[in-house]
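This is a predicted model, so every value here is computed, not measured.
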Amino acid sequence: MEVVACSMGSSSSVYSALAKTVSRPPLPHTRDSTYFPGNNLDQDLADPLELLRECREVLRNRPAQLQRTLIQTGHGDSRQTIRVMQWNVLAQALGEGMDSFVQCPVDALNWAERKYLILEEILTYRPDILCLQEVDHYFDMFQPVLASLGYQGSFCPKPWSPCLDVENNNGPDGCALFFNHKRFQSLNTTHLRLSAMMLKTNQVAIITALRCRDTGRAFCVAVTHLKARSGWEVLRSTQGSDLLRNLRNVVQRIETEEKADADVPLIVCGDFNAEPSEDVYRNFATSSLGLDSAYKHLSTDGKTEPPYTTWKIRPSGESCHTLDYVWYSHRAFDVNAVLDFPTAEQIGPNRLPSYNYPSDHLSLVCDFSFKDPTPASQ
């Protein structure tokens, strides 16, 4: 495999672009919110490199960003890549109030600087599609900043977010899905409250159908965050089955509306809160939708998930697990590249979050390209 290092850029003086962006009037604070930018795709867009420089200037007294490398897999056409980022960003209210990261200094979680760490991560890799969990600053940070960069966004909060139990919270956390409006046209967006055993749960998902403006190809992207903690494996499995059922329904509807002569493929991102040994993982891996996990491309055998996607220390001890995934329709997409993970030495003995990384989960970044279409009848 060819190894290509990501360009990191350099710091310079503070710019006012980010301050102007977040001071713009936010969207109305509704439960299910979708942002649609204007018809002019280049209208009043911020410069991502300028915002990145500003982030690094604000963070100049913190340790440097974790160095990660984009690993080329040797598959697909790299000229028409779709870059996808999956990331549980850590809700601010939970990080400061409930998650008990005993080795993380309190001031490392200060929102005034932590938001710049989050933006630095996103701006470094500049995904075309961004799937996020534990978003509790959608209206005052994520939506206005990303809209200024040309992203269209959708937010689905949890019905009973634990953030609301934290004093001085910023509202409920939930899932958010953003895509580059210049590259993709939105066809349909579905917000789900996942069910288990006929009962609605506190976990949600977003499914967005997109058309690639360059190729005309339609596909669906989904983001979810399943129930956390051990002891809830059966519930997670049932939630995953409900999501798979809804994905099939959405795909079939889009195929009918588009009069598609090929299967409408899927990319499904999420914090599944499940190791690969759990039923929910096996259900996705064996689904009739033909899904595979992109991050298996990092392994030497092409069959193994990374050793961790989250690494933290809580009062109960050290927690190092693989819980986050990017699933894709392997008959429709090639995986061109995946972003590797920092080593234990790079992360440091206090683990995550930290002064130089804002979340207890590491971001996943994948480059996809379309394969030649396969007739839907096959």
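The side-chain contact (heavy atoms from CB on, under 4.5 Å) test with Phe142 singles out one residue from Leu119, Ile118, Leu130, Asp136, and that residue is Ile118. Just one residue in the list Val250, Val221, Thr208, Leu210 forms a side-chain contact (heavy atoms from CB on, under 4.5 Å) with Thr189, and that residue is Thr208.
No side-chain donor-acceptor contact under 3.5 Å links Ser287 to the backbone of Asn283. Judged by distance alone, the side chain of Arg193 and the main-chain N or O of Thr201 form a donor-acceptor pair under 3.5 Å. Looking only at distances, a side-chain donor or acceptor of Arg62 sits under 3.5 Å from a matching main-chain atom of Tyr355. In terms of modelled atom types and a separation under 3.5 Å, the side chain of Gln133 and the main chain of Asn88 share a donor-acceptor contact. With hydrogens and angles disregarded, no donor-acceptor distance shorter than 3.5 Å links the side chain of Gln103 to the backbone of Asn350. Counting only distance, with no hydrogens or angles, the side chain of Thr322 and the backbone of Pro306 share a donor-acceptor pair below 3.5 Å. Under a 3.5 Å cut-off, the side chain of Ser359 and the backbone N or O of His361 do form a donor-acceptor pair. When atom types are taken as modelled, the side chain of Ser329 and the backbone of Leu291 share no donor-acceptor pair closer than 3.5 angstrom. In this structure, the side chain of Asp242 does not engage the main chain of Thr238 through any donor-acceptor pair within 3.5 Å. Using modelled atom types, one side-chain atom of Ser161 and one backbone atom of Asp173 make a donor-acceptor pair closer than 3.5 Å.
Both Tyr125 and Phe179 sit in one connected hydrophobic cluster of ILVMFWY residues. Membership requires side-chain heavy atoms under 4.5 Å apart, directly or through other members. Both Leu298 and Met85 belong to a common hydrophobic cluster when Ile, Leu, Val, Met, Phe, Trp and Tyr are linked at side-chain heavy-atom distances under 4.5 angstrom. Connection of Val268 to Ile129 is not established within any shared hydrophobic cluster, with ILVMFWY side chains joined at heavy-atom distances below 4.5 Å, either directly or through further cluster members. Using a 4.5 Å cut-off between side-chain heavy atoms of Ile, Leu, Val, Met, Phe, Trp and Tyr, with links allowed through other members, Val326 and Val223 fall into the same hydrophobic cluster. Linking Ile, Leu, Val, Met, Phe, Trp and Tyr residues whenever their side-chain heavy atoms come within less than 4.5 Å places Tyr151 and Val365 in a single cluster.
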Check your understanding: Given the rule in the side chain to side chain contact (heavy atoms under 4.5 Å, CB included) test, do Glu134 and His225 qualify, once you have shown the distances and angles that lead to the verdict?
Key -> CA-CA 8 Å; Glu134 289 199 27; His225 188 186; 3.6 Å; yes
Check your understanding: Can Thr124 and Arg68 be said to form a side chain to side chain donor-acceptor pair (under 3.5 Å), step by step?
Key -> CA-CA 11 Å; Thr124 295; Arg68 303 172 65 182; over 6 Å; no
Exercise for review: Could you walk me through whether Arg236 and Asn273 pass side chain to side chain contact (heavy atoms under 4.5 Å, CB included), step by step?
Suggested key: CA-CA 8 Å; Arg236 279 193 287 275; Asn273 275 307; 4.0 Å; yes
**Study point:** Chi angles and distances behind the side chain to side chain donor-acceptor pair (under 3.5 Å) call for Ser237, Glu278
**Key:** CA-CA 8 Å; Ser237 177; Glu278 283 197 28; over 6 Å; no
Exercise for review: Apply the test side chain to side chain donor-acceptor pair (under 3.5 Å) to residues His321 and Glu275: give CA-CA distance (whole Å), side-chain angles for both, the deciding distance (0.1 Å), then the verdict.
Suggested key: CA-CA 7 Å; His321 297 288; Glu275 292 276 6; 2.8 Å; yes
Practice item. Give the C-alpha distance, both sets of side-chain angles, the deciding distance and a yes or no for side chain to side chain donor-acceptor pair (under 3.5 Å) between Gln92 and Arg114. Key: CA-CA 9 Å; Gln92 181 64 22; Arg114 194 173 86 88; 2.7 Å; yes
Practice item. Assess whether side chain to side chain contact (heavy atoms under 4.5 Å, CB included) is satisfied between Glu96 and Val166, documenting all intermediate values. Key: CA-CA 9 Å; Glu96 286 188 313; Val166 178; over 6 Å; no
Practice item. Check step by step if side chain to side chain contact (heavy atoms under 4.5 Å, CB included) holds for Glu120 and Val58. Key: CA-CA 10 Å; Glu120 180 186 37; Val58 171; over 6 Å; no
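For the pair Asn202 and Pro159, the tightest heavy-atom approach, listed with the atom from each and the gap, is OD1-CD, 3.2 Å. Taking every heavy atom of both residues into account, Cys131 and Cys269 meet most closely at CB-CB, 3.6 Å. Taking every heavy atom of both residues into account, Leu243 and Ala205 meet most closely at CD1-CB, 4.0 Å. Between Trp327 and Ser293, the shortest heavy-atom distance links the atoms CE3-N, 3.7 Å. Shown here for Ala274 and Leu323, the closest heavy-atom pair between the two residues is N-CD2, 3.5 Å. The two residues Phe184 and Cys212 make their nearest non-hydrogen contact at CD2-CA, 3.8 Å.
A distance of 7.0 Å separates OG1 of Thr309 from CG of Asp271, quoted to the nearest 0.5 Å. The NE2 atom of His181 sits 10.0 Å away from the CG atom of Leu45 when rounded to the nearest 0.5 Å. Note that the CG atom of Leu177 and the SG atom of Cys156 stand 11.0 Å from one another [nearest 0.5 Å]. A distance of 6.0 Å separates CD in Glu50 from CZ in Arg53, rounded to the nearest 0.5 Å. In this structure, CD on Gln203 lies 9.0 Å from CH2 on Trp232, to the nearest 0.5 angstrom. Ser148 OG to Leu51 CG: the interatomic distance, rounded to the nearest 0.5 Å, is 5.5 Å.
Between Tyr281 and Phe272, the distance from one ring center to the other does not fall under 6.0 angstrom. Here Phe219 and Phe370 bring their ring centres to under 6.0 angstrom of each other. For Phe139 and Phe155, the gap between ring centers is short of 6.0 Å.
Between Ser154 and His191, the side chains place a donor N or O and an acceptor N or O closer than 3.5 Å (distance only, hydrogens not considered). Side-chain N/O atoms of Gln86 and Ser363 include no donor and acceptor closer than 3.5 Å. Using modelled atom types, one finds no donor on one side chain facing an acceptor on the other under 3.5 Å when comparing Asn336 with Thr81. Ser299 and Glu305 share no side-chain donor-acceptor pair at under 3.5 Å. Side chains of Asn188 and Arg253: a donor-acceptor N/O pair is present below 3.5 angstrom, by distance only.
By the 6.0 Å contact criterion, CH2 on Trp111 is enclosed, its count of non-hydrogen atoms from other residues, nucleotides or ligands being greater than 12.
The side-chain heavy atoms of Thr310 and Leu352, taken from C-beta on, include no pair separated by under 4.5 Å. Taking 4.5 Å as the limit, every side-chain heavy atom of Val204 sits out of range of all side-chain heavy atoms of Leu194.
Scored by the salt bridge (charged side-chain N to carboxylate O under 4.0 Å, His left out) test, Arg314 finds Asp99 as partners (sequence neighbours excluded).
Using a 30° and 60° split on the angle between ring planes, Phe368 and Tyr328 fall in the tilted class, from 30° to 60°. Using bins of under 30°, 30° to 60° and over 60° for the plane-to-plane angle, the ring pair Phe341/Tyr295 lands in the tilted bin.
Residue pairs satisfying the salt bridge (charged side-chain N to carboxylate O under 4.0 Å, His left out) criterion with at least one member in residues 352-369, sequence neighbours excluded, are listed as follows: Arg83-Asp367, Lys312-Asp360.
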